[in-house]
There are 6 protein chains.
Amino acid sequence: MPDLPRELIRHALQEDGAQADITTLCTVPAEQTAGASIIARQAGVIAGLHIAAATFRELDPQVYISGPARSLLSAERVALNFLGHLSGIATVTARCVQALEGTKARILDTRKTTPGLRSLEKEAVRLGGGRNHRFNLSDGVLIKDNHIKAAGGIVQAVTLARHLAPHLLKIEVECETLAEVQEALEARADVILLDNMPVEAMRSAVELVRHVAPKVLIEASGSIGTNATKLAAVAATGADFISLGAITHSAPNFDVSLEFA
Amino acid sequence: MPDLPRELIRHALQEDGAQADITTLCTVPAEQTAGASIIARQAGVIAGLHIAAATFRELDPQVYISGPARSLLSAERVALNFLGHLSGIATVTARCVQALEGTKARILDTRKTTPGLRSLEKEAVRLGGGRNHRFNLSDGVLIKDNHIKAAGGIVQAVTLARHLAPHLLKIEVECETLAEVQEALEARADVILLDNMPVEAMRSAVELVRHVAPKVLIEASGSIGTNATKLAAVAATGADFISLGAITHSAPNFDVSLEFA
Amino acid sequence: MPDLPRELIRHALQEDGAQADITTLCTVPAEQTAGASIIARQAGVIAGLHIAAATFRELDPQVYISGPARSLLSAERVALNFLGHLSGIATVTARCVQALEGTKARILDTRKTTPGLRSLEKEAVRLGGGRNHRFNLSDGVLIKDNHIKAAGGIVQAVTLARHLAPHLLKIEVECETLAEVQEALEARADVILLDNMPVEAMRSAVELVRHVAPKVLIEASGSIGTNATKLAAVAATGADFISLGAITHSAPNFDVSLEFA
Amino acid sequence: MPDLPRELIRHALQEDGAQADITTLCTVPAEQTAGASIIARQAGVIAGLHIAAATFRELDPQVYISGPARSLLSAERVALNFLGHLSGIATVTARCVQALEGTKARILDTRKTTPGLRSLEKEAVRLGGGRNHRFNLSDGVLIKDNHIKAAGGIVQAVTLARHLAPHLLKIEVECETLAEVQEALEARADVILLDNMPVEAMRSAVELVRHVAPKVLIEASGSIGTNATKLAAVAATGADFISLGAITHSAPNFDVSLEFA
Amino acid sequence: MPDLPRELIRHALQEDGAQADITTLCTVPAEQTAGASIIARQAGVIAGLHIAAATFRELDPQVYISGPARSLLSAERVALNFLGHLSGIATVTARCVQALEGTKARILDTRKTTPGLRSLEKEAVRLGGGRNHRFNLSDGVLIKDNHIKAAGGIVQAVTLARHLAPHLLKIEVECETLAEVQEALEARADVILLDNMPVEAMRSAVELVRHVAPKVLIEASGSIGTNATKLAAVAATGADFISLGAITHSAPNFDVSLEFA
Amino acid sequence: MPDLPRELIRHALQEDGAQADITTLCTVPAEQTAGASIIARQAGVIAGLHIAAATFRELDPQVYISGPARSLLSAERVALNFLGHLSGIATVTARCVQALEGTKARILDTRKTTPGLRSLEKEAVRLGGGRNHRFNLSDGVLIKDNHIKAAGGIVQAVTLARHLAPHLLKIEVECETLAEVQEALEARADVILLDNMPVEAMRSAVELVRHVAPKVLIEASGSIGTNATKLAAVAATGADFISLGAITHSAPNFDVSLEFA
């Protein structure tokens with residue numbers, strides 16, 4: 001099943017003036033053809049190859065691996081911008097996943113993605129071995145502090161969600177203290193998010209949840225970052241998931257280029 | 001003069017399902033209002049405030065600084081994604097600009113931007129004190145190795161551009177060796193880009209250019225990065241501009257949040 | 001939080017040529033104003049009033065309840081088409097909800113909606129007292145016969161979904177026989193859909209589920225229709241939900257008109 | 001000449017999350033292929049087959065009658081929603097046309113169509129044997145009570161239209177009484193619409209028109225509905241056309257499904 | 001009733017880079033305000049004032065007659081391009097209308113308009129005193145030579161159209177000879193178009209039509225041009241309408257400028 | 001590298017109702033095919049052939065030179081509207097270029113283009129032998145009187161632009177008197193535009209510029225028009241470029257038609 005972010009690709013080509021590449025139009029003959037190889041200049045996980053290929057094809061349906069030199073040159077930067085950004089995300093995700101090896105914890109992404117690129121970035125997370133959290137605000141109930149305040153308490157908030165939300169959505173509650181975890185368990189939350197807790201407190205929370213409600217899932221979150229030692233420590237608490245904003249919003253660009261033959 | 005990236009904001013809100021925020025719809029009464037403050041959790045340059053504000057207004061024209069609590073909560077993540085991304089760029093740019101203090105060199109951005117966000121990212125660079133290079137392929141002639149090969153040499157490429165490109169565009173030539181710099185000067189290029197040169201070679205190139213053609217501008221480029229010491233060394237060669245892909249494609253997210261009163 | 005289906009309204013006005021209403025332009029003076037009342041010509045639940053109002057405003061921001069007569073006349077048909085269609089859905093939904101009074105069963109809609117109008121139709125269902133099932137294929141896991149065949153069995157399909165689907169989504173399995181229900185329970189499905197079963201078989205299935213896994217939710221579905229007696233019989237089996245395609249895809253238009261003062 | 005409502009199909013697929021069909025992505029292998037047959041579960045006129053086919057192709061250009069199983073499953077509901085809705089309209093239209101057999105009266109549709117679907121619904125009417133009235137407000141002059149009031153009378157309204165409307169458009173006048181019919185004839189209207197008249201009054205009106213102006217066309221309208229006996233009675237008055245909102249706005253869904261081989 | 005060609009205005013502003021007007025951004029302080037007057041540098045009919053005003057407002061809602069100087073300067077060219085083009089059309093139309101004074105013939109436009117600007121150009125024609133022919137291919141039947149050939153003759157073509165076209169559309173037939181006019185009259189065409197006929201032949205054709213079918217309308221067409229003497233001669237034949245492609249496709253720009261106070 | 005103004009073509013076809021061409025649908029059988037030849041009815045330079053071809057293909061991918069007769073007829077007018085407009089521009093440009101033969105002056109276009117058609121019109125200018133000035137406000141600095149006033153003088157305006165504008169853009173200054181030319185030279189402008197000067201004054205200005213700064217380019221502008229004698233006189237002053245709004249905003253339509261075989 002094809003994923004067709006054509007509008008985004010078109011917009012990026014237009015934004016880059018790819019159809020009015022003055023330099024190329026002035027210096028490269030229309031009839032010249034060329035071939036290109038993608039060169040990764042570092043180790044990592046490549047993501048976005050289908051987007052890069054679609055970028056070339058969008059500018060000129062005749063291009064795939066080789067084609068008119070003008071078209072290859074004019075679409076090069078946009079294609080590389082996609083490749084470098086998405087591979088950067090896949091690569092840092094893979095490093096985090098590796099740090100959890102031997103534990104049962106899994107890396108989750110968040111909604112902290114670049115505006116306009118969410119589905120591509122979440123695909124890159126999957127390619128790096130991570131798992132996707134909610135795609136957007138409509139496909140999961142995640143009750144945070146402001147919702148709790150508005151509803152008058154955790155129990156009230158969970159009860160409202162159970163009566164009003166679509167019946168196929170689980171209910172997750174964000175907790176910052178053991179007392180909140182206790183209250184979420186009483187409210188029969190399906191998933192508990194431990195937010196910004198010290199590792200020690202996290203461990204106690206996990207023990208409490210496992211004791212009271214063994215089927216409830218546990219997600220650790222909150223400025224955990226991509227440091228391997230920190231990730232291993234969090235995983236050792238027994239949480240099911242560790243969610244990381246940094247794998248999408250702060251992944252450094254992956255160094256990749258095009259070489260023309 | 002307003003900059004109106006409304007399509008992007010709308011798309012980001014739609015991508016986040018902000019109009020179907022199940023959790024908020026279930027737990028927050030429609031009539032509740034709230035106010036919010038933007039909290040920077042680190043030092044740096046804030047960018048994107050007008051985009052964040054427009055994000056709230058797009059979801060609900062009644063919201064500006066305060067308004068219906070539901071709307072504030074549902075647009076919060078998208079607004080913060082813009083703020084964190086753009087402030088990250090402005091902040092790293094400001095750090096690079098500071099590293100050049102006392103020299104005449106100026107920081108330039110590149111076309112290595114996130115697809116769809118170029119104009120916002122280039123605005124963030126300006127807010128950080130940087131200067132914008134080409135916005136796209138149509139507003140400047142920058143002759144690179146593949147153009148030179150296709151045209152049959154630097155002189156030929158520059159001559160073609162001078163006859164065919166709009167007369168208001170200057171002609172810049174990318175050089176990797178002193179010999180190429182020499183040739184670019186003979187071709188009467190308006191600007192010379194020193195690409196991936198060691199600092200020593202760069203210094204020699206600058207001297208050559210200043211000697212032969214004092215009005216020609218010089219840009220240093222190529223994996224220079226954001227390290228202050230390296231930047232100072234490059235600036236000391238006497239180049240007019242240092243262009244940095246990293247300030248847009250690898251800027252870490254700026255830590256910012258919303259607090260509701 | 002406003003729901004803004006402006007694109008749809010604009011398209012509908014364009015489709016109706018509302019800006020080139022020859023008859024009105026020829027016969028009604030530009031300066032004439034008028035006021036209009038919405039007249040329901042039958043009993044029922046009105047839905048779509050905000051869409052009708054937005055239709056008038058879209059054509060002419062000066063119109064709300066009264067305004068230029070030309071604009072009122074030219075937007076009238078589109079506004080009524082929205083009102084009649086959505087009120088028809090709300091009205092038939094309310095009748096079905098009434099048929100279940102005294103039982104714990106609740107009416108659900110389906111994805112059998114008019115292309116382009118889903119969110120409006122689902123809102124009309126809520127106004128009629130019904131509850132929304134999945135908004136689309138991404139916000140819930142509903143395993144049907146073809147998925148079961150492809151995965152090699154119910155247990156395999158549920159296990160795959162548990163490992164791959166976002167952790168906030170429940171897993172529902174469509175069953176046509178008691179044997180399938182048994183298998184779905186063994187696979188630890190969160191919700192069971194009884195599809196196209198005779199009422200007697202449905203009753204047995206509900207008993208089985210309640211006995212084995214009291215927390216599992218049960219949805220009855222499959223050409224049940226909107227007949228009150230049939231609905232009461234299905235509800236009497238003890239199912240939690242009854243889902244009905246007919247309330248969206250076959251609701252007769254609600255008879256409504258505009259009277260100009 | 002192809003009719004290409006691609007935007008609508010794309011929107012419907014997006015609305016249904018067809019590119020993020022979690023259940024199918026979790027349970028159906030990417031490489032599995034399948035074939036599908038369309039099964040009509042009732043007698044009637046099928047419409048929308050080209051739209052259903054285009055829906056599959058839009059999601060995946062490799063699909064036509066058979067293709068990747070994932071794509072067939074993910075596009076199935078949208079394709080069936082088009083087929084069921086449009087075939088419902090064609091089927092009820094055909095039944096009304098049949099009721100008029102042996103008379104010269106013809107069934108017309110109206111502008112009471114579903115917002116966004118007008119051209120498809122009018123095509124379904126044609127497939128059912130009906131004839132299309134105005135496509136929108138710009139391709140015909142139909143003077144109703146409010147226009148008459150604004151212009152100061154039927155004669156004034158017709159005269160204005162004759163001087164101002166494009167010369168290729170005929171002028172139709174809506175009449176509710178014999179007196180109004182008389183006035184419309186004096187104004188030299190090209191077509192007369194008998195609105196909400198009892199059958200007896202309609203007969204007298206037809207006689208009057210035929211006597212005074214044999215070339216003038218006559219349309220019967222106003223809550224006539226789809227009952228065969230009522231339709232036959234109206235046709236017996238001698239009207240040229242009977243226009244019916246119910247064939248578009250209240251046609252029950254046609255029962256159709258897809259069977260996978 | 002407002003006509004809102006906002007998409008066109010937005011596109012034109014984007015096409016002109018009005019939001020990145022480097023010169024203005026560099027030289028005009030953000031806080032400077034200005035006022036502007038529109039100066040017609042020739043005599044004629046001004047059209048497009050509302051479009052010009054909307055262009056300024058689109059770029060900056062604060063601008064109307066006066067506002068931020070930057071916005072006035074950046075939108076100036078697009079606003080003038082609309083004004084000059086549309087006033088050119090209105091002015092040449094007015095000159096043609098004047099040439100027909102004292103006759104009953106009226107000037108019609110054609111479908112020979114600039115792609116994307118038809119509704120604005122037809123509005124300019126009306127402002128110049130002309131009358132609009134068909135807006136597009138769906139709001140009138142105009143049978144030309146190729147249609148006649150395909151149908152097998154004029155009578156066959158008219159008969160097909162009468163049975164198949166919406167009943168509110170009149171039927172016009174293009175004729176190049178008296179014999180064809182005769183045949184069109186036999187086919188009971190509603191309107192006859194005399195195409196590319198010498199003035200003498202035109203006169204005979206008009207006499208024939210008036211004699212046989214006094215209610216049939218007559219349109220003269222075919223490279224008549226905007227010369228006043230020629231127009232008067234054609235009008236003297238007694239035709240009801242003279243249609244002119246040149247008033248839209250060859251109207252010289254109207255000389256108009258903006259003066260800033 | 002393909003230029004793809006598909007949106008424009010689609011809009012023009014929609015504007016012309018090409019998919020609802022009633023006349024053709026009524027009279028031409030669906031299965032009939034035809035071939036068409038493009039006939040130029042005057043001498044000149046044809047432009048827009050690829051747009052005309054793309055127009056036919058957009059309506060029906062089966063059409064190129066021959067295809068279904070219905071599609072050829074329904075797309076004909078839009079295709080010819082593009083061809084006639086663009087060929088008109090190319091033809092008048094070629095005539096102006098010819099008038100300069102033997103001089104070194106070159107014809108430039110301006111930003112006085114039809115809203116929405118700029119890139120096509122500038123392509124037609126190139127086909128006629130002209131050269132393109134700025135594509136929009138972002139790809140060149142052209143300082144006019146209002147900018148000078150706002151900045152406080154020519155020197156101030158040029159200095160601001162040099163510090164703030166992208167370093168690849170040259171700076172052009174509009175001058176109306178010799179004193180202004182003198183000031184622009186002192187400000188070290190890269191290009192000088194002589195606006196609305198008598199030919200004599202122009203000649204003096206050119207001499208001054210050549211004497212003081214031989215590398216500075218000179219553009220003559222301001223209501224010069226397309227008269228060959230006037231053009232030759234302006235070229236004789238020694239200016240490098242002559243820019244003409246009339247070649248785009250006042251080019252008469254080129255007489256072209258389609259003949260069906």
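Below, chain A is the first sequence line, B the second, and so on; all start at residue 1. Keep in mind that the numbers below use all heavy atoms, side chains included, and drop hydrogens, waters and symmetry copies.
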For A/Pro166 against B/Ile22, the heavy-atom pair lying closest together: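 Closest heavy-atom pair between A/Pro166 and B/Ile22: CD-CD1, 3.9 Å.
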Heavy-atom closest pair, residues B/Leu164 and A/Cys26: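 Closest approach of B/Leu164 to A/Cys26: CB-SG, 3.7 Å.
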Side-chain contact test, heavy atoms from C-beta onward, threshold under 4.5 Å: evaluate it for [X] versus [Y] and give yes or no.
X        : Y        : answer
B/Thr27  : A/Gln156 : no
B/Asp21  : A/Ser138 : no
A/Lys112 : B/Asn253 : no
B/His249 : A/Asn81  : no

Between A/His85 and B/Thr114: side-chain donor-acceptor atoms closer than 3.5 Å: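 Looking only at side-chain atoms, B/Thr114 and A/His85 do not form any donor-acceptor pair under 3.5 Å.
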Between [options], who has the most heavy-atom pairs with chain B when the cutoff is under 4.5 Å?
options                             : result
A/Leu13, A/Val141, A/Ile148         : A/Val141
A/Val158, A/Leu142, A/Thr110        : A/Leu142
A/Gly17, A/Ala12, A/Gly84, A/Pro115 : A/Pro115

Quick one: what part of [X] sits under 4.5 Å from any heavy atom of chain A, side chain, backbone, both or neither?
X        : value
B/Arg134 : side chain
B/Leu73  : side chain
B/Ile9   : neither
B/Leu117 : both
B/Glu15  : both

From [X] atom [atom1] to [Y] atom [atom2], the distance as rounded to the nearest 0.5 Å:
X        : Y        : atom1 : atom2 : answer
A/Gln14  : B/Asn136 : CD    : CG    : 9.5 Å
A/Asp145 : B/Phe260 : CG    : CZ    : 9.0 Å
A/Leu137 : B/Thr24  : CG    : OG1   : 7.0 Å
A/Glu76  : B/Arg111 : CD    : CZ    : 8.0 Å
B/Leu160 : A/Leu25  : CG    : CG    : 12.0 Å

Please rank [options] by heavy-atom pairs under 4.5 Å with chain A and give me the top one.
options                                : answer
B/Ala251, B/Gly116, B/Ser223, B/Ala157 : B/Gly116
B/Asp16, B/Thr113, B/Thr159            : B/Asp16
B/His163, B/His11, B/Arg77, B/Gln32    : B/Arg77
B/Asp139, B/Val28, B/Asn146, B/Leu80   : B/Asn146

Residue part contacting chain B, namely of A/Ala69, when any heavy atom lies under 4.5 Å: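 A/Ala69 has no heavy atom closer than 4.5 Å to chain B.
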Contacting region of A/Ile143 [heavy-atom separation from chain B under 4.5 Å]: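 Looking at A/Ile143, backbone and side chain both touch chain B.
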